[in-house]
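Working notes, beginning with the structure itself.
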Amino acid sequence: MDWPPFLEFSVPVALAVWVAAVAVSLWRSRPRLPEPGPTRSDLPGQEPPAVVSLMVNRWRSDEDAIDSTLLDLAARGFLELRETGDAPAQTTARLRKGDGRSLTPYEQQILDRVHRLSVNGETTLTRLAFDSWTEARSWRRTFYQAVVEEARTRGLCRPRLSSTTRRALLLSAIVPAVLMFVTWWWVDSELSAKVPDQVTGAIIGAAAVYLAQYFVVDFGWADQTTPEGVAATESWLALREHLSTVEGVADLAPADIASWGRDMAYASALGVLSADEALVRLTPGARSR
């Protein structure tokens, strides 16, 4: 089969150029973690623990965001955590009235789960775990999306690809798709295919290429940090430096929130609490602890 000039490799070349453009855009907008500021012992800002957790993890979903939110709700009086055994997983959670302040959607999401699984207003941390990964993924996706939305509202992060960049990438994605259409049409005509088959095959090929490119652009990349977010992250990392040196913080159990207050919630958000003593995760695997 004698290919027309430049048609044989037109699709892979066009795709390679497009992929290179996407890679450059993602690389330039990647979330970076700044160096910690001067060590400090006070809370540097008003950001909720869940936002702080994602901030110091470059906007990637992290279990500490869930743990720290539950602890923060306890510190603010919406929950009471009590030890009923030697293991942190045996801690119970009882619903309370709270401090009167309004709740964010993801905070309400945690309280709703505690309420749904409570008997006489109380449940255990192990009971909060999900029965299936499908349910857990859906719940966690809603939680993390709400946290990111709040961070965007506070001006701490923004979508990885700006609307202008996203529009340019989707428009340029039409080129490989059109070339795929032309290539498929030409090949089918060389094989003496019927016109309806030529049209159908060419459309399917072009649509498959474009949809693949569309999903790459809308993959759900982690947000990028704004200049305001960078400054806030530096301060929170400075607090993490301090908390990591305080004796006993890493070994705190959930019920210790009664004496530590919100400082413990932020210690959880910053990843200072040890994994063994942290709250039970809201995942199916949590039931096996």
[X] [atom1] to [Y] [atom2] distance, which is reported to the nearest 0.5 Å:
X	Y	atom1	atom2	answer
L79	H115	CG	NE2	12.0 Å
D223	L156	CG	CG	10.5 Å
L73	R262	CG	CZ	9.5 Å
L81	D256	CG	CG	10.0 Å
Q224	S162	CD	OG	8.0 Å
R58	R30	CZ	CZ	9.5 Å

Group every Ile, Leu, Val, Met, Phe, Trp and Tyr by side-chain heavy-atom contacts under 4.5 Å, then state whether [X] and [Y] land in the same group.
X	Y	answer
V11	F181	no
L33	L54	yes
W260	V272	yes
L179	Y210	no

Next on the checklist: Can you tell whether the side chains of R140 and E63 come within less than 4.0 Å, N to carboxylate O?
Outcome noted: yes
Item to check | Pi-cation contact, F130 with R113 (under 6.0 Å, within 45°) | outcome: yes
Checklist entry - Quick one: does R28's side chain get under 4.5 Å of T165's, heavy atoms only? => result no
Checklist entry - Would you call E149 and Q145 a side-chain contact if the rule is heavy atoms closer than 4.5 Å? => result no
Checklist outcome for this item: Apart from I204 itself, its cluster of hydrophobic side chains linked below 4.5 Å comprises none
Next on the checklist: Between T126 and T124, do the side chains contain a donor N or O and an acceptor N or O under 3.5 Å apart?
Outcome noted: yes
List, one per line, each side-chain donor-acceptor pair under 3.5 Å for residues 14-26, sequence neighbours excluded.
residue, atom, partner, partner atom, Å
W18, NE1, L169, O, 2.8
W18, NE1, S172, OG, 3.3
S25, OG, A21, O, 3.0

Whether the side chain of [X] engages the backbone of [Y] through a donor-acceptor N/O pair (distance < 3.5 Å, no angle test) should be reported.
X	Y	result
D218	Y214	no
T91	A255	no
W184	V199	no
S268	D67	no
D251	G248	no
S138	E135	no
R94	N120	yes
T69	A65	yes
Y144	D62	yes

Specify the closest pair of heavy atoms between [X] and [Y], including all atoms of both residues, with the distance to one decimal.
X	Y	answer
P254	L71	O-CD2, 3.9 Å
S68	A269	CB-N, 3.5 Å
R32	W27	NH2-O, 3.9 Å

Checklist entry - Which class fits the ring pair Y106 and F143: parallel under 30°, tilted 30 to 60°, perpendicular over 60°? => result perpendicular
Item to check | Qualifying residues under salt bridge (Lys or Arg N to Asp or Glu O under 4.0 Å), relative to E107, sequence neighbours excluded | outcome: R76
